[in-house]
Structure formats: structure tokens, C-alpha cells
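Take a look at the structure below.
Residue numbers start from 1 in every chain, and the chains themselves are labelled A, B, ... in the order their sequence lines are given, proteins ahead of strands. Please read all numbers here as calculations on a predicted model, not as lab measurements.
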Protein chains: 2
Amino acid sequence: MNISQIAKMAGVSPAAVSRYLNHGYLSEEKKVSIEKVIKETGYIPSSQAQTLRTKTTKLIGVIIPKIDSDSISQVVAGIGEVLTKQGYQMLLANTENQNDRELEFLATFQQHMVDGIILLGTILTAKHKAVLKALNIPFIVLGQACDYASCIYHDDYLAALTLTEYMIEKGHRRIGYLGVTEKDYAVGQLRKQGFLDAMSRQNLEIPASSMRIGSFYMENGYENTKRLLADCSDLDAIVCATDTIALGAIKYLNQLSIKIPNDIAIAGFGDSRISSILSPSLTTIHFYYRECGSEGAKVLIDKIANPSSPNKSLKYGFELIKNETA
Amino acid sequence: MNISQIAKMAGVSPAAVSRYLNHGYLSEEKKVSIEKVIKETGYIPSSQAQTLRTKTTKLIGVIIPKIDSDSISQVVAGIGEVLTKQGYQMLLANTENQNDRELEFLATFQQHMVDGIILLGTILTAKHKAVLKALNIPFIVLGQACDYASCIYHDDYLAALTLTEYMIEKGHRRIGYLGVTEKDYAVGQLRKQGFLDAMSRQNLEIPASSMRIGSFYMENGYENTKRLLADCSDLDAIVCATDTIALGAIKYLNQLSIKIPNDIAIAGFGDSRISSILSPSLTTIHFYYRECGSEGAKVLIDKIANPSSPNKSLKYGFELIKNETA
DNA sequence: TCATTTTGTGAAATCGTTTTCACTTCTGTA
DNA sequence: TACAGAAGTGAAAACGATTTCACAAAATGA
């Protein structure tokens, strides 16, 4: 069923049908007859053919590192909400933490002529920058600061600083740290730096052996807590770069019947749904993930409507959730 | 940059370039020169134009009720893995539990000419059936049995039966139930029926006031546990239709300092990541969510390749996770 | 009444591919 | 030598929409 057939059935030209579908510069009489035929046939215009002429797809490509993650799925939910409302569709690409796949997906997005791209950034390399700019498609970065695009992110540094100061205030002195790769600027570097600065402000020592770097998975929390305690048996608290890592740590401590927070206090980042249900409940940082997603989608849509508009950089705050593990 | 420009630059016809891109019925000499030009220019063919001719988009539409859900995001991860591997892209539509939106999204998918559709079913109405069949696009249903399409689902009934029998075996007699709407056949009806049958096999009473129906959210678990205990103060266990609901129940019980499992035992369904970390850890049912997603994607791709192949109906088993809350 | 503007309309070009078809040019065989 | 078949090629016709352009009819103004 195509536009010419509809036109024939309605006794008008294809151009008239197109006009009906779009602006509608058309006599009332023809509008009625076209409407009737379209209703009867259930005709839906081919978006591919439309794209071919108009160069717009109403498609937004979204690249994420992992969909089955508490924080990321919240961002995606926020994105989806706004896109749907604005008549866009989401093309979702999940790299499963394989950073190099991001570039492949960018090529696919280009092929599908997406109107815009949202990159939920983990590691932004020079190559990313080059490819993204060459793409000539509006894009934004979420979760990381970025100087060549609009970006929406969290105050990871201040959050880590605040959280660590809170731990110190609670009386903890020998605090360990479980982090992630420094290639991830927001989570790997800023959170760690916030931790370090809070410690040094109080002139607290940080022996190298009390810090560990690992993956984003729970196993990392589990294994690195084991190693941490093997090397520094006198720790009285551990700050973990994510809630997931904190869960791994808690799992290990539970197995050893080490009491939280009396023997060792724990804190995480992300305020995952679990944190308030755990018992003891997890002290953590609430970030505005869903808002980050929905705001990001809005910014991108603005950018698509007005490509020459200047880049924006929006930093969301956070909330310290004072729960029971610290 | 289009195929004609590439052709001109390589000194061949557009047809030759197209042949290079596809089957490659072409002299070695031209292949080389075309390859060179494509590499230099970074040319990527327009998938819309391709679709216009070939009627295939390499796009799969996926409809889900909620992305920020532990179980669903796992299914989506499984789907994404296979689709990417097979060169497909995922068009994701999140209804946020608004069932009527599913039909809208189906129309959008049709407009975008997706090659196939995956419906992560909650409530399948007669209208769904009618619309899906009229669509004339291969589709499959995940999470629900369905007689007019290939479907992949879990043995919800036997899981509920087994879990409840286990609770009884553990010595619980006055067991309450927190469920969801019966319109959701798998989660609402089958799990409840499994519970009821296990109870009646042991001749255990189920007063109407010991069962509650609510939403999929944690608040439901919290609020309905409150009501349940107000009416039936002598319950010694509660079976919850999902882990999320169980978490709500646990939250309420913790607030009242009711000891789990000594005062009241709890069980859920889904084996969410949290369940093993909670303390006490949550007794639950492990379903093969990720596998369901990846297998579903495979079945759909087979169906696309061979549309006349008969429908398949695949039921995955489960695993009873005997943790500490029951 | 006549000139001018407004309004409504369809023919045809266009977007960027794929694919059919007809036409060379080879290759190998009788 | 002649001829069948294979191999390689490009012109041109799709695919299904939008949009420009030209033109007719109707409305307006003098």
C-alpha cells in the first residue's frame, strides 16, 4: 500500500495525499476523501521513503556500556520517556563494556541516518572525539564531562569528597578504597580524587595497599575486598566507587562474619534500589540518573532543531544517603 | 556522498559499486579500485535507500513494559547480544507499564519497517492478537505462552508450586500471598495457581484475607504486607510473586523489627542480583532471563529467514534458590 | 470589465540504492 | 573458422515518499 494507490482510490494525485499527510495545503473536500481512504486502508507511509527525501529519520541512537545495570537502565528509562513524547524512536546499542564496539555502533548509526546520538560515556578517547566530530550528526555525552559536545553529568568529585568526609566524621580513620579504571574519568578518576582529597585534608594516611582498582562487577568488590583485607587487616571502613562493588564487598564481609558497620563500615555510589533494603542499609550517594537521561534527550532534541546552538554542559548535584553501613 | 559519486571516482558505474557492496560479481581490477575509493572516502551506503529496494531494514523492534527492572533488563541484554552478532539493530520501546502504548509502538514499528518484533508480554489481549497478525511482520512473544506466535517463557506454575511446597516442607503453614493482576497470565495467574495448588495438596487453608493483588512495584510489597498483617496477624510466611514485591515486604517487616525468617518467612521470584546479598538472603526462583532473550532473538531471526516455518513454543525451567528468608 | 492576486492542483524531478536486461568481450570446443 | 556459453558491464527502471514548478480556476480590486 503506497501513496499512489491511496491517491488513486481517493481520486487525487499523490502530491495531494502527501500534502494531506504533512502541512495540509488542501481543499476541505479532498481532505475528507483522503482521510476516508486512509482510515479504511490503515495506510502508514514508509518512513524510509520519507527519509530519502527529507533526510530525517526520527531515530535517536543510544550507546550504553551495559543495560542490566541499575544506574544505566534508569538513564535509559529517562531518555526513552522524553523521546517517545517527542515522537522519536530509540535505537539501542549495548557494548557490554567492550569499549571498542562503540565505534562500530557509531558507524551503524550513521548508516541508519539517526537524527542524533546519545553516548553514555565510560571511556572517551581521542578516537571517539575524531569519529564523533566527523559524523556530522548532533550528539551529546551523558555521565562524563566533555569539551567538544553538550554533556550532562554528575558531580562525582564533590560527591566522593562529601561521602568520605562523612565517613571521617563518623570516626573512621583507616579507610580503604575500591575503585575502577582511571580511563573512566568520572567514576575512575574523580571519585578517587575526591576520596584522596578528603583524606589528606584531615591528614589521614593512605597506604598504597589500601586502594584497589578493578572492574564494574560485583566480583571485583568481592575479590578486591579479600585482597585488601589480606594486606591491610586494620581497615575500619571501605569506600567503594559504585554500589555494585560495595555489594561485592558486603557479600565477602558477611561470609567472614565481619560486622558492618561495627568492624568495617562500607559506602558506595549510586543509590541503587537495593541500598535501602539491605540490612544494614547501604550508605551511598544518590545521583539523578533518570533526570540525567530525560534532560539529555531534551538537550539533544533542541540541538537537532537548532544545530548551530552552542554546547551546554550541565552538572547535576547529588544527595548523601546516610544509611546504616557507615 | 552517494553511490554515484563513488562510482564516478572509481571510474565505474553505480551498478558496479552496488555489486561490490553486495554479491561482488565483478572483475578483480574494479574491486580493487572501488575498495580504494570507499576506504578513502569512508563512504557508508544509506540503509534507507537500501530498504526502499530490498524491503529489509535489519531493524528489530522490541517492546518492553519497563527497562529499569532487574529481570527485564537481563532479557534485553540477551536479545541485544544476539542481534548485534547477527548484524541487526534494536529499536527499543518502553511502555512504562502502560499497556495501551504497546499498540502505538507496533504502528511505529510498522512505519519503520522493522524486520521483526519481540514483545515482552505482560498482558496479551484479543486486540494484541488482531493487531499483531494484521501487521504481517514476523514476531515472537517472550515471557508468556501464546498460541498464535512463537513464544519463549518460564515454567511459572511449576516454579510457584515447587517454591510453595518448599515453604511448607520448611514447616510453614499459614502462608500469605502477594500477587499481581490476573490479566498478566504468567505472573498473575500461573504463579498464584501454583501457590494455591501446593497449599491445597497439603490441605492447608487459605483465607481470602491472606492474599493480596497489587502492582509490580516495591510499594505494593510494602503496602500490601502492611494490610496483610493487619488482617491476618498470625501468618508465618509470605510468598511474593516477584522479588521486587518481596523487597517491599522485607522493608516493612524490617521497620517493624519482625524477624525474617523466624517470625515470618519470605520468598520471591526472579533471583534478582540483590537476593543473594540481602541478609538474610532471599529465597527465590531463578529464571533464565538472559537466555530467554538471546534464544528469543535467535528464534525470531530464524523466523525472518524462513517466514513459513511453524511456530515454536519453548518453556524454560527454573531453579529453586534455597536462601535464608525461608 | 479587465488585470491581478490568491488558492488549489497535479506532473515530474528527486532522494540513493538494487536489480533486470541487453550488450560486449572472452574462452573454449567442435 | 565458427559458434556457444560464460563473464563482466552499464543504462535504466524500480522502490515510495516530498517538493518544486507551472498552470488553471476563483477571488479580489480598480
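Distances shown here put a side-chain N or O of B:Asn22 below 4.0 Å from the OP1 or OP2 atom of C:dT18. Dashed line: the shortest gap from a side-chain N or O of A:Ser27 to OP1 or OP2 of C:dT9 is under 4.0 Å. Taking side-chain N and O atoms only, B:Tyr20 has no distance below 4.0 Å to OP1 or OP2 of C:dT17. Contact between the side-chain N/O atoms of B:Lys55 and the OP1/OP2 oxygens of D:dC15 is not found at any separation under 4.0 Å. OP1 and OP2 of C:dG8 both lie 4.0 Å or more from every side-chain N or O belonging to A:Lys30.
Within 4.0 Å (heavy atoms only), B:Ser18 reaches at least one base atom of the nucleic acid. B:Ala16 comes within contact range of the sugar-phosphate backbone alone, with a heavy-atom separation under 4.0 Å but no base atom that close. Backbone-only contact: A:Val12 has heavy atoms under 4.0 Å from sugar-phosphate atoms and none from a base.
Contact check on B:Glu40 versus B:Lys36 returns a salt bridge, with a Lys/Arg side-chain nitrogen under 4.0 Å from an Asp/Glu carboxylate oxygen. Classification of A:Glu295 and A:Lys315 as a salt-bridged pair fails, no side-chain N sitting under 4.0 Å from a carboxylate O. A salt bridge is absent between B:Lys66 and A:Glu81; no separation between the charged side-chain nitrogens and carboxylate oxygens falls under 4.0 Å.
Among the nucleotides C:dT17, C:dA11, C:dC15, the one closest to the side chain of A:Ser13 is C:dA11. Comparing D:dT9, D:dT19, C:dG16 against the side chain of A:Thr54 picks out D:dT19 as the nearest. Closest approach to the A:Tyr43 side chain among D:dT20, D:dA17, C:dT17 is made by D:dA17 (side chain taken as heavy atoms from C-beta onward).
The separation between B:Gln48 atom CD and C:dT17 atom P is 10 Å, rounded to whole Å. Taking atom CE on A:Met113 and atom C1' on C:dT17, their separation rounds to 12 Å, with Å as the unit. Regarding B:His112, its NE2 atom lies at a distance of 15 Å from the C1' atom of D:dG16, rounded to whole Å. Nucleotide C:dT7 holds its C1' atom 14 Å from the CD atom of A:Glu28, rounded to whole Å. Between the P atom of C:dA11 and the NZ atom of A:Lys8 lies a distance of 11 Å, rounded to the nearest Å. Rounded to an integer number of Å, the gap from CD1 of B:Ile44 to P of C:dG16 is 15 Å. In this structure, A:Glu29 atom CD and C:dT7 atom C1' are separated by 14 Å, rounded to whole Å. Distance, A:Leu52 CG to D:dC15 C1': 9 Å, rounded to whole Å.
Heavy atoms from other residues, nucleotides or ligands lying under 6.0 Å from CD of B:Glu29 number 12 at most.
B:His154 pairs in a ring pair (Phe, Tyr, Trp, His ring centres under 6.0 Å) with only one of the listed residues (B:Tyr288, B:Tyr289, B:Tyr185), which is B:Tyr289.
Side-chain atoms of A:Arg53 and base atoms of C:dT14 include a donor and an acceptor less than 3.5 Å apart.
Side-chain contact check for A:Asn311 and A:Lys303: at least one donor-acceptor pair (N or O, by modelled atom type) lies under 3.5 Å.
Heavy-atom nearest nucleotides on DNA chain D were determined for B:Leu26 and for A:Met1, and the one closer to the 5' end corresponds to B:Leu26.
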